[in-house]
Amino acid sequence: MSSDATKGLEGIVAAKTYLSDVRGDVGELIYRGYDINQLAGNIGYEETVYLLHYGKLPNQSELSALKTKLVSYRQLPQGVIDLIQSLPKDTVPMNALRTGISALGCFDSSSEDNSPESLQEKALKIIAQIPIVTAYFHLYRQGRPLVESRPDLNEAANFLYLINGGTEAEKDSVDTLDMCYVLHADHGMNASTFASRVTVATLSDIYSAVTSAIGTLKGPLHGGANEAALNMLREIGDVKNIPKFIEKAKDKNDPFKLMGFGHRVYKNYDPRAKVMQKTCHEVLAEIGKKDDKILQVALELEKIALKDDYFIEKKLYPNIDFYSGITLNAMGFPSTMFTPLFAVARTAGWIAHWKEMYLDPKNRIGRPRQLSVSYTHLRAHETEADL
Ligand code: ACO
């Protein structure tokens, strides 16, 4: 545990949830009783949404009803489309997403209706609309026309169809993106889920909760690490440079960290990183780039780090972001799209947590304490920096 107990809330139990269980010591992730290794590659994103939200895997008719609902909600209000198209084209995509989701709340006349029926509808509406906001901003910033969604396509296929400007993606790409969505859908009390739960506990609305979560996911210590990890691997550039970067990561006086490495809970290999590493190999082989230089750097970096005493003692392993960036890059996504894609998938979890809390009659506002240090009590030799 960190030496400064006021930093990072390490070890604090902030909620009880039935949704997912991150078993950090053994490197397992469980969604509603199912190991992620059983789910990834075997069920799709829509089934995962159903599992997280209703506590069981859907039968055919339940799945088909969920898909029909999601498809029916894909159309964005024109005001939100206009707003997206008025943003500066160099807006950071996560900022555009945050603004777009907040705007969706302004255009939803039911945003403050907290009846169970309305909560249920809004939950699915946001899951259906967040990928459209992401794709539309992407098209707009590239100066390309917006495309209508295709009702016959699942969530992953429709997203690829939109960002490809109306061309259907190959099945392999759809399956890979679908699996990425499944892997990212929920992850216990991670920082963005925690942020959204704090918002929900005040009985604020769902759009505010998701907006809080998006702002939190954006940071490079959390969801932003996928983009940062790929940038780092590119900066390393060649396996011969790895030792220099390992030394930098170990140097206490250097702020550099191995991005995509380490985790607050996993003190073992992140199970999602294992799946992602395998997928990464498959995707690169499919596009004839199995000897991709960046992948070679990643594999060698992982190998060296896992044999190094610093990483062994601190139990630092690759996390999901270490290989997701290379995979998404190989699929043709620009790196600025990696974290928004994470947000699209994690919305399933954020909203499942929101429902779980809203339906809990024993909900209480989240209000921790702080250690107050009065200026008048500063001792002569202390400065604010000592606090
Ligand atoms: N590279 C080098 N050293 C590291 C790394 C790393 N990636 N991660 C942790 N350490 C070191 C710390 O410097 C610290 O050393 P010390 O005890 O000598 O001070 C020790 O390991 C413990 O690290 P903390 O930062 O205290 O661990 P914490 O649980 O607070 O942070 C985090 C976890 C944010 C993931 C951290 O490991 C990190 O910054 N990793 C890189 C960013 C990253 O990949 N984030 C994605 C996380 S997964 C996700 O959100 C999807």
Side-chain angles (χ1 to χ4, degrees), residues 1-12 14 20 22-25 27 29 36 94 180-196 213-233 235-236 242-277 298 301-302 304-328 335 338-350:
M1 188 174 287
S2 164
S3 57
D4 187 343
T6 64
K7 302 259 162 61
L9 299 168
E10 186 171 358
I12 305 290
S20 61
V22 183
R23 299 179 181 164
D25 47 343
L29 170 61
I36 195 68
M94 279 299 276
C180 287
Y181 281 177
V182 173
L183 287 180
H184 285 90
D186 195 41
H187 204 239
M189 202 47 46
N190 62 90
S192 55
T193 298
F194 174 61
S196 96
I214 293 172
T216 308
L217 185 74
K218 178 186 163 196
L221 295 187
H222 188 14
N226 49 17
E227 187 179 347
L230 183 67
N231 291 341
M232 175 194 77
L233 293 169
E235 195 190 341
I236 296 173
I242 292 174
K244 188 174 85 197
F245 281 85
I246 291 272
E247 287 316 307
K248 270 170 76 62
K250 290 158 58 174
D251 182 353
K252 278 234 157 283
N253 300 314
D254 190 326
F256 174 79
K257 283 182 174 185
L258 286 191
M259 299 313 284
F261 246 82
H263 198 273
R264 172 61 64 81
V265 185
Y266 290 121
K267 299 304 166 198
N268 206 316
Y269 214 104
D270 177 344
R272 305 166 304 169
K274 272 191 196 151
V275 179
M276 198 51 90
Q277 191 205 58
L301 180 62
E302 175 184 337
I304 295 176
L306 294 183
K307 282 188 195 147
D308 188 294
D309 285 347
Y310 174 93
F311 293 89
I312 293 170
E313 276 159 25
K314 295 183 191 300
K315 300 188 174 156
L316 301 169
Y317 294 84
N319 59 52
I320 188 169
D321 294 323
F322 194 65
Y323 287 105
S324 65
I326 315 174
T327 311
L328 294 171
S335 58
F338 299 170
T339 317
L341 276 171
F342 189 159
V344 166
R346 184 57 59 85
T347 303
W350 292 331

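Given the structure is predicted, the values throughout are model-derived calculations rather than measurements. What's counted below: heavy atoms across the whole structure, side chains too, no hydrogens, waters or symmetry copies. For ligands, and for the atoms within them, numbers begin at 1 and follow the listed sequence.
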- Note on the structure: So for K257 against ligand 1, with non-hydrogen atoms under 4.0 Å, the contacting part is both

- Using heavy atoms and a threshold below 4.0 Å, how should the contact between Y310 and ligand 1 be classified: side chain, backbone, both, or neither? side chain

- Message: Give the atom numbers and elements of ligand 1 that come within less than 4.0 Å of a heavy atom of A249.
- Response: 2 (C)

- Task: Look at atom 48 (S) of ligand 1 and find which of R264, H263, K267 reaches it with the closest heavy atom.
- Result: H263

- Indicate yes or no: does an N/O atom of D321 lie under 3.5 Å from an N/O atom of ligand 1? no

- Could K250 and E247 be called an ion pair, given the rule that one side-chain N must be under 4.0 Å from one carboxylate O? yes

- Task: Indicate whether any N or O donor in one side chain lies under 3.5 Å from an N or O acceptor in the other, for S192 and H222.
- Result: yes

- Query: Which option, L9, D254, N226, L258, owns the non-hydrogen atom nearest atom 1 (N) of ligand 1?
  - Reply: L258

- Between K267 and D25, is there a side-chain N and carboxylate O pair less than 4.0 Å apart? no

- Query: Under a heavy-atom criterion of less than 4.0 Å, does K252 contact ligand 1?
  - Reply: yes

- Task: Would you kindly specify which portion of N190 sits under 4.0 Å from ligand 1, judged on non-hydrogen atoms: side chain, backbone, both or neither?
- Result: neither

- Task: Evaluate the side-chain hydrogen bond (donor to acceptor under 3.5 Å, both in side chains) criterion for residues R23 and N268: first the C-alpha distance (whole Å), next the side-chain angles of each, then the deciding distance (0.1 Å), finally the verdict.
- Result: CA-CA 9 Å; R23 299 179 181 164; N268 206 316; over 6 Å; no

- Task: Using distance alone, decide if ligand 1 has a nitrogen or oxygen within less than 3.5 Å of any nitrogen or oxygen in G260.
- Result: yes

- Query: Hey, does L221 come in under 3.5 Å of ligand 1, counting only N/O atoms on both sides?
  - Reply: yes

- Query: Distance under 6.0 Å and angle within 45° of the ring axis: does K314 meet both against F311?
  - Reply: no

- Distance filter under 4.0 Å to G262 heavy atoms, resulting ligand 1 atoms: 35 (C), 37 (O)

- Message: side-chain hydrogen bond (donor to acceptor under 3.5 Å, both in side chains), that's the test. Do T193 and H187 meet it? Break it down for me.
- Response: CA-CA 8 Å; T193 298; H187 204 239; over 6 Å; no

- Message: Looking at every non-hydrogen atom in both residues, tell me the closest pair between A229 and D321 and how far apart they are.
- Response: CB-O, 3.6 Å

- Message: Is the shortest side-chain heavy-atom distance between L301 and L233 below 4.5 Å?
- Response: yes

- Item | Beyond-backbone contact of F322 with M259, side-chain heavy atoms, under 4.5 angstrom | no

- Message: What I want to know is whether A225 and ligand 1 share at least one N or O pair that is separated by under 3.5 angstrom.
- Response: no

- Item | Distance filter under 4.0 Å to K314 heavy atoms, resulting ligand 1 atoms | 11 (C), 15 (O), 16 (P), 17 (O), 18 (O), 20 (C), 21 (O)

- Message: Show the atoms of ligand 1 that are less than 4.0 angstrom away from any heavy atom in F342.
- Response: 51 (C)

- Message: Any atom of ligand 1 sitting under 4.0 Å from a heavy atom of F256?
- Response: no

- Test item: H184 and M276 side chains (from C-beta on) under 4.5 Å apart, heavy atoms: yes

- Do R272 and ligand 1 have an N or O pair less than 3.5 Å apart? no

